[in-house]
Amino acid sequence: MKRRTTLAALAAAALLAAGPAIAQQPKLKVGMMLPFTGTFAALGTAIDNGFKLYVKEQGGKLGGREIEYFVVDDESDPAKATDNINKLINRDKVDVVVGTVHSGVAMAMAKVARDTNTLLIIPNAGADAITGPLCAPNIFRSSFSNWQSAYAMGVEMAKRGHKRAVSITWKYAAGDEMAAAFKEGFTKGGGQVLKELNLPFPNVEFQALLTDIAATKPDSVFAFFAGGGAVKFVRDYAAAGLNKTIPLYGAGFLTDGTLEAQGEAAQGIYTTLHYADSLNTPRDDAFRLAYVKAYKLQPDVYAVQGYDAAQMLAIGLNAVKGDLSKRAEFADALRKATIDSPRGKFTLSRAHNPVQDIYLRKVEGKQNKVAGIAIKALADPARGCKM
Ligand code: PHB
């Protein structure tokens with residue numbers, strides 16, 4: 001009896017001495033809302049892979065808490081977006097939502113996140129409004145705004161001497177915003193946009209539009225497509241022979257994660273993006289090696305954005321020691337942070353969007369090779385953000 005009491009007393013003393021550190025925090029529930037089917041399926045998978053790679057590198061814990069994943073395939077369908085995020089919040093009771101790729105889906109998610117004060121980290125979707133009028137203390141982006149990479153290409157194409165361009169994209173938030181940002185940069189540099197062509201998302205019947213381009217005879221074309229749609233567009237553009245007469249440019253999504261499938265048709269295309277395949281920095285080399293080892297796949301911009309979404313979550317969680325009720329301190333830590341991304345270090349703007357270098361890249365073989373920096377430390381203007 002005496003011995004048992006002593007043991008119990010010893011155990012209690014040990015617990016006291018260890019303090020709160022030993023009080024096991026519950027698992028952190030992370031809701032991954034991404035496209036795992038449709039034209040953006042590969043993008044969703046790369047984001048998921050990148051996020052999980054970072055968590056694994058931290059021993060499966062962020063801010064001292066083990067991670068439990070809840071997954072929804074959002075199908076890049078805006079009509080299902082509100083229901084999908086509500087499932088994660090109300091049914092699964094997640095602590096944080098990570099998602100998504102498609103701007104229209106992300107807009108619906110941002111509205112729910114604002115209304116319910118759910119922590120949301122966006123690992124791709126560039127919808128300008130999310131870090132504009134919809135900006136909020138609980139919403140962060142690890143990727144880009146649609147304005148950023150397209151504006152940079154407009155400036156770049158004008159610099160390269162182009163005067164008369166046609167833009168072509170999908171008719172939805174991301175396409176509209178990239179076409180507008182391209183036009184802003186291009187006209188500022190003295191260029192003129194002859195036509196703004198589009199087709200409904202996620203259609204890939206490009207033939208009539210390619211015929212229109214051939215008839216309009218611009219001196220250059222700017223395109224935004226991504227994933228499976230980008231593969232088909234670049235191949236169709238070359239098959240129509242247009243790549244021989246009218247140089248094709250794009251926001252870097254046009255050739256990112258797609259080169260294996262685009263092959264010869266993509267060679268020589270210049271794009272602008274916040275990542276490239278030949279950065280040759282120790283940070284990026286280590287990331288790429290770890291990614292290839294884990295997934296037997298080459299990483300792309302989407303993998304980087306997923307990885308950085310996890311890094312951002314870790315920075316916030318570490319600042320509050322895993323206690324997500326301390327939202328103001330969580331946000332403060334991120335606003336002050338420099339994120340050590342494979343793309344290069346970046347900070348967040350007051351609207352919580354990356355302030356980052358936009359690279360000029362040229363397709364050579366299966367790589368988007370760095371051809372220079374189009375614009376250094378480019379910040380989205382955050383038009384309409386009151387925060
Ligand atoms: C978007 O809808 O915001 C979007 C989708 C795919 C990309 C880039 C942007 O590659």
Side-chain angles (χ1 to χ4, degrees), residues 33-48 50 74-81 98-110 120-132 134 139 141-153 167-182 198-204 222-234 250-259 261-262 266 269 271-276 299-306 308-309 343 353-354 356 358 361 368 380:
M33 181 162 156
L34 294 165
F36 293 105
T37 51
T39 201
F40 290 159
L43 289 60
T45 302
I47 289 167
D48 193 55
D74 68 37
E75 303 166 51
S76 296
D77 186 351
K80 296 180 185 161
V98 177
T100 189
V101 169
H102 183 287
S103 273
V105 177
M107 294 271 281
M109 294 172 75
L120 172 63
I121 304 181
I122 299 164
N124 186 72
D128 291 338
I130 293 175
T131 49
L134 287 176
I139 301 178
R141 188 148 54 193
S142 67
S143 51
F144 58 90
S145 75
N146 289 328
W147 181 86
Q148 276 177 312
S149 53
Y151 173 79
M153 193 32 114
S167 68
I168 180 165
T169 185
W170 279 310
K171 177 87 200 131
Y172 81 110
D176 292 348
E177 289 174 355
M178 288 202 212
F182 160 69
N198 54 45
L199 74 172
F201 176 87
N203 291 6
V204 290
F222 169 85
F224 162 65
F225 294 104
V231 170
K232 174 127 190 324
F233 180 76
V234 167
F253 314 107
L254 190 67
T255 58
D256 225 88
T258 54
L259 290 175
Q262 288 166 335
I269 294 179
T271 61
T272 45
L273 202 65
H274 48 285
Y275 188 57
D300 55 19
V301 70
Y302 310 104
V304 171
Q305 293 166 174
D308 290 341
R343 78 188 81 170
N353 189 66
Q356 55 196 345
I358 306 293
R361 310 116 44 91
N368 287 289
D380 178 88

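Position 1 is the first residue of the sequence, and the numbers go up from there. Atoms within each ligand, like the ligands themselves, are counted from 1 in listed order.
For atom 3 (O) of ligand 1, the nearest protein heavy atom (residue, atom name, distance) is S103 OG, 2.6 Å. Closest protein heavy atom to atom 1 (C) of ligand 1: V101 O, 3.2 Å. The protein non-hydrogen atom at the shortest distance from atom 10 (O) of ligand 1 is Y302 OH, 2.8 Å. Nearest to atom 2 (O) of ligand 1 among the protein's heavy atoms is Y172 OH, 2.6 Å.
Only the side chain of F144 comes within 4.0 Å of ligand 1, counting heavy atoms alone; its backbone N, CA, C and O stay farther away. At a heavy-atom distance under 4.0 Å, no atom of D256 approaches ligand 1. Proximity of A174 to ligand 1, defined as any heavy-atom pair under 4.0 Å, is confined to the side chain (atoms from C-beta onward).
Without hydrogens or angle criteria, E177 side chain to D128 main chain gives a donor-acceptor distance under 3.5 Å.
At under 3.5 Å, not a single nitrogen or oxygen of N124, backbone or side chain, sits near a nitrogen or oxygen of ligand 1. Between H102 and ligand 1, not a single N/O pair is under 3.5 Å apart. By the 3.5 Å distance cut-off applied to N or O atoms, G126 is counted among the residues near ligand 1.
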Next item on the list: Dump the intermediate steps for side-chain contact (heavy atoms from CB on, under 4.5 Å) on L134 and I139, then the final yes or no.
Entry: CA-CA 9 Å; L134 287 176; I139 301 178; 5.9 Å; no

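Note that the CD atom of E75 and the NE2 atom of H102 stand 12.0 Å from one another [nearest 0.5 Å]. Atom-to-atom distance recorded for S103:OG and F201:CZ is 10.0 Å, nearest 0.5 angstrom.
The aromatic ring centroids of Y302 and F40 lie 6.0 Å or more from each other.
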